[in-house]
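Worksheet: one structure, shown below.
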Amino acid sequence: MKIISLPCSFDNYSYLLICEETGIAAVVDPAEYYPISCAVADAGVSLRAILCTHHHADHIGGLDDLLEEFSGVDVYGHAGDKRRIHGLNSPVAEGATVQIGRNMGRVLYTPGHTAGSICYLFGEELFTGDTLFGAGCGRLFEGTPKQMHDALDTIAHSLPPATRIHFGHEYTAHNLKFAHFVEPGNAAVAARQELVDRQRTAGQPTTPSTLADEAATNPFLRCREQGIVDTVAQRFFGEDLDPLSVFTALRRLRDVF
Ligand code: ZN
Ligand code: FE
């Protein structure tokens, strides 16, 4: 499967997924109409499906116009978001399969950012929307810290380290500043900051990363690391220091960083 990342709106990413054997394509998160329509035309593919990770306007801004241009497209999203994603005609939940040409994908239910947040896994390509970012995770708009912590834990521990993480926003540089702030001794964070600086200076996206990159640098996947536990202990004196409490404290710190 070929994957093209499409910068949309201010700092969103949509993704065009192409089955090269059949020319059948899908879009993950139709953030904006024009760049997606152009990419489909440029690639000369047949758009058959739109995969929504969640209902937020910045991720579905191009949906109505795309449905007008491409009739008969399957629109996937979590079943609970039927009223919040206009045109959703293929409601899914944990474990559902999604077929794009010859490629079989699987839905992971990952609530936390919103109640209906899902990720799509095709082979070793994971599309995470606003659940898992480069060096960060989404804000908790509708879910509890436990839901998000569990969702990230499942991703981190059930998928191979080589899994590529295709995320929904270009937040990586700022996320790494926060990662450095909470774990100043982490050399992998410093190395990734240099890499990301070079990528952004060259106008390149920082997506995709790998699960191994995230395990080494993403504070929200590192709630057991002593450096991070120490930071939380200093900032939140007397608080519990189990992984979920550390995660909750990190998310609170990141909200105001
Ligand atoms: Zn969102
Ligand atoms: Fe978003």
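Small disclaimer: the values here were computed from a predicted structure and weren't measured. No hydrogens, no waters, no symmetry mates; every other heavy atom, side chains included, goes into these values. For ligands, and for the atoms within them, numbers begin at 1 and follow the listed sequence.
Metal site remark for the Zn ion (ligand 1): Asp58 contributes no N, O or S atom at a distance under 2.8 Å. The distance from the Zn ion (ligand 1) to the nearest N/O/S atom of His54 is under 2.8 Å. Contact annotation: His54 places no N, O or S atom under 2.8 Å from the Fe ion (ligand 2).
When the Zn ion (ligand 1) is compared with the N/O/S atoms of His56, atom ND1 turns out nearest. Its N, O or S atom nearest to the Zn ion (ligand 1) is what matters here, and for Asp130 that atom is OD2. The atom name of the N/O/S atom in Asp58 closest to the Fe ion (ligand 2) is OD2.
By the 30° and 60° cut-offs, the orientation of the rings of His54 relative to His56 is perpendicular. In this structure, Phe257 and Phe178 have perpendicular ring planes: the angle between them is above 60°, well past the 30° mark. Between His166 and Phe127, the angle of the ring planes stays under 30°, which puts this pair in the parallel group of the 30/60° scheme.
The backbone N or O of Ser245 sits less than 3.5 Å from a side-chain atom of Asp242, completing a donor-acceptor pair.
In summary, the side chains of Tyr33 and Glu69 do present a donor paired with an acceptor at a separation below 3.5 Å, with no hydrogens or angles considered. The closest side-chain donor-acceptor pair between Glu124 and Thr163, if any, does not fall under 3.5 angstrom.
In this structure, NE2 of His169 and OD2 of Asp130 enclose an angle of 110° at the Fe ion (ligand 2), rounded to 10°.
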